[in-house]
Structures are given as C-alpha cells and as structure tokens.
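What you are looking at is a predicted structure, and each value in this text was computed from that prediction instead of being measured.
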Amino acid sequence: MAGGGGGGGGAGAPERPYELVVFGASGFTGQFVVEEVARAAAGGELRGGRRWAVAGRSREKLQAALERAAERLGKAALGAEVGVLLCDVGDAASLAAMARQTRLVLNCVGPYRFFGEPVVEACVENGASCIDISGEPQFLEGMYLKYNEKAAEKGVYVVGSCGFDSIPADMGVLYTRDKLQGTLTAVESFLTVKSGPEGARIHDGTWKSAVYGFMDQDNLRKLRKKIGYAPVPAVGAKLKRRGLVFYNQEFRQYSMPFMGSDVSVVKRSQRYLHTEFQETPVQYGAYVNIGGLGSVIKLMFAGILFLLLVKFSFGRKLLIKIDGTSFTMTFFGEGYSEGQDPQHGKPNVRICTEVKAPEPGYVTTSIAMVQAALSLLDDAACLPKQGGVYSPGAAFSKTKLIDRLNKHGVEFSVISKPEV
C-alpha cells in the first residue's frame, strides 16, 4: 500500500470509521490539538466531513476536552462526527483497537521516550499512520531503527517532530532553499525569544528534549552507530560552528546554540533528500538569541544549575516544570548562484527568510500538528513513495504543508531577496 496517504485504505481492507484520532486528547497539549482539529473540521478541511475521534483513559475528561473546544469555537457542542475511544498507553490491546479504527493517530502523549513506542507499534502493526510532536532525538531515531522497515511493508507513515519541534526549522530550511536563486548550501537559524501574557511558555517537549538529551548523549551516539547512517557530504564552503556564547551582529545581542532537536531533525531530512533525490544537502546550525550581557551572566548561572539538576531524577522533575517563551525564527542562507559550481570557490549568494507564528508551545504546535496530519491524509500523491519512519522535511517536502501553515498563521516569508 505504498503511498497510501495515511494507511488503512488498501484494497479489501475494512473501512475505518475515523479519518483521524487525537490520542491523549485530555492532556494539556492534547486539548489544543482537539480545538485545532475541530476548527479544521468546521472549516471543511477534513475531507468529506469525515468523522474523527478523541482517545484517552477517562471518558469524562475526553468529553470535557470536547466541550472546551466547542466553547472556544462558539458552538453549543461538537456534533456526532466526533467519537470517543477509551484506551491506555499501558494497554496494548486498547491501543491496537484504536489504531484499527482510524487512518491516522495524532499522538499527544509524552514524554515520548517513555510512552511513545507502544503507540508507534500499535499503529504500524494495525495499518494506521502516526504523527507526534516529539523533540527527543533518541526516541525519533530509535523508532526509525525499529519500525522503518515494518512501516514500509505496511504502507504507513510515522512522522515525528510535527510541532514547534521541528516543523518551523525543518520546513524553514526547505522554504529558504526554494526561494534562493541558485544552490543553497548552508543555513543558520536564530530563534528570537519573546515573553508575554500570550506566550509565556516554552514548548514542554522542547524543554524535556533538552533535559533528557543532556542526560543521555552516550546512548544516542550508540544508537546512531547501530543505525549506520550514511555520511552527509558538506557541499560548498563548510559551515563553521559558533561558540557557546557569541555576539550576533545581525541582532545586536548575544546568541548561543539551540538545545532542541532541530539540528538532528534537519540533518535527517537533508540526508533523505540527498539519498533519494540527489538534492544538494544543506548544512545547518540552530541558535537562540538571549539578549545583552546581563542575560549572558544569568544564563551562565542557569546553565551550571541545569547541568547539576539534570544528573538527578529530582532535579529533572524540577526542570520540566520550568517554562517561559514565544518565538520568531530567522534563517540566514548562503549558496551559489545559477551556473556556479558549489564545489569550487566561496558562496556568492545570500538570502534571509523568517517563520513567524503565535505562541509556540501549544498554539503553533497544535496548528503545525493538525496541518501536518491533513497533508498526510490529503496530499497522498506527494508523500514518499513508500511508507516508513520519516522526519517532517522528508515526508512533506513535496506537499503543500507550507501553504497550509501560511493560511493558519504560521507565516513563512522572505525578509531579504537573494543577493549576489
């Protein structure tokens, strides 16, 4: 069932009652995703008015999530097109029953390194596609190692990092590539931090990714060695790594490397596009702007505290309760103009693009997840030819996902046109 647009629809297969299911719908992030699916359904984006469902452990909490979504949309209630499924991440039979009833599961139950695999396994075994909003490289790449071949056999798609981690970065690199007049070879992105009443949170998954990522770097290296990734060639001038903290002339403030999953996710996408389509791989660095010298000093003390707390379970429990940001992501790309050989000489063309969106932790994450889901369901002809475990850029590079996001407030734009 290669290229089946989300699985579950092969010849002779029984009709599945739900187009998609939001699993973990009563959780904090899940409630935002439910609201976004309801908004998409009300706007006619869920093709043919097909049914969808919410899933979780408590019927009462699931009903409350649906009532909250209806209230936010100005409705008395959501209609009979929405089903309620009871299942538990610790109950394999209930997960299998959920997966058999839908083409696509939107998994909102994290941290994924602890709770993600049973959902992926149930979906792959029962012919449903699955997307998540994980920012945890070890989980994402571990699922590739264990389930990529089986997902390909079943014709289903497992796509991780479909929220703030890491759709703005992954699709932003592809957008920058498409807008450059020539060959893009390197991009640096800078996350500009904003705090305020509308967006006083960093995405939960991003923070947990940093917490657990720092804790488990050795295991991630072992996992990648086991996968045996083919090296990604560096085309054009090699992108230099910046320091731990540096002064950024473009923004007139200090910056540091971004601790989320963006770099690893973008690299997976670039490896896939290079291997499958012989596209020129783009080197990528991700950074976050942190402000003036006072902010740097505060961050140094915070970093020392972080490194101490991350070593102990009680410390990690404290860290995952910390939140506080919203964002704009700016991309500086360089490459070679048309007719220039990237293998010789210095880059001679530059471009600046931007992704600008609402509050990242929950609003942008829910928009990105739902629009990725609709792309998976509706843009079947543009997906990879066979199922498998993919990063967003690998799965959606040929789809209309960026157009969909632009229509829903996650705006991709060119700040300065390509200049030679």
Side-chain angles (χ1 to χ4, degrees), residues 1-25 30 33-34 36-56 59 62-63 65-66 69 77-89 91-108 118-132 147 150-159 162 369-390 395-396 399-400 404:
M1 214 192 81
E15 183 68 19
R16 298 182 181 229
Y18 303 113
E19 193 82 343
L20 61 84
V21 171
V22 180
F23 179 51
V33 175
V34 168
E36 196 60 32
V37 174
R39 184 176 290 108
E45 293 181 76
L46 203 56
R47 61 181 185 178
R50 290 289 303 276
R51 297 185 73 201
W52 58 283
V54 294
R59 184 177 297 277
L62 293 172
Q63 292 288 3
L66 292 176
L78 298 180
E81 76 276 5
V82 187
V84 176
L85 305 177
L86 295 182
C87 60
D88 190 323
V89 74
D91 183 347
S94 70
L95 293 177
M98 172 185 68
R100 285 194 293 269
Q101 296 183 68
T102 186
R103 296 177 61 206
L104 175 63
V105 172
L106 282 64
N107 183 14
C108 301
V119 181
V120 172
E121 183 178 19
C123 288
V124 171
E125 291 294 338
N126 293 280
S129 290
C130 177
I131 66 173
D132 64 50
Y147 296 101
K150 187 71 172 180
E153 290 173 13
K154 292 279 190 174
V156 298
Y157 298 88
V158 178
V159 189
C162 288
M369 188 181 209
V370 172
Q371 293 308 313
L374 295 175
S375 269
L376 195 62
L377 292 168
D378 295 344
D379 299 343
C382 303
L383 296 173
K385 290 183 179 179
Q386 65 177 16
V389 178
Y390 293 98
F396 301 122
T399 71
K400 298 177 181 177
R404 292 175 181 273

Distance check, rounded to the nearest 0.5 Å: C108 atom SG versus F23 atom CZ?
9.5 Å

Heavy-atom pair of closest approach, residues L66 and V84:
CD1-CG2, 4.0 Å

Would Y157 and V389 count as a side chain to side chain contact (heavy atoms under 4.5 Å, CB included) if you check the C-alpha gap in whole Å, the side-chain angles of each, and the deciding distance to 0.1 Å?
CA-CA 6 Å; Y157 298 88; V389 178; over 6 Å; no

E121 vs K150 side-chain heavy atoms within contact, under 4.5 Å
no

Under 3.5 Å, is there a donor on one side chain and an acceptor on the other for R103 and S129?
no

List the steps, then state whether side chain to side chain contact (heavy atoms under 4.5 Å, CB included) holds for Y18 with L104.
CA-CA 8 Å; Y18 303 113; L104 175 63; over 6 Å; no

Atom CD of E19 and atom CG of D378: how far apart are they, to the nearest 0.5 Å?
7.0 Å

Check whether any side-chain N or O of S94 sits under 3.5 Å from a backbone N or O of D91 as a donor-acceptor pair, and report yes or no.
yes

Apply side chain to side chain contact (heavy atoms under 4.5 Å, CB included) to residues L106 and V21 and explain how you reach the verdict.
CA-CA 6 Å; L106 282 64; V21 171; over 6 Å; no

I need the minimum non-hydrogen distance between K400 and D379, along with the two atoms involved.
N-OD2, 3.3 Å

Work out which heavy atom in S375 is nearest to a heavy atom in T399; give both atom names and the distance.
OG-OG1, 3.9 Å

With rounding to the nearest 0.5 angstrom, report the CZ to CD1 distance, F396 to I131.
6.0 Å

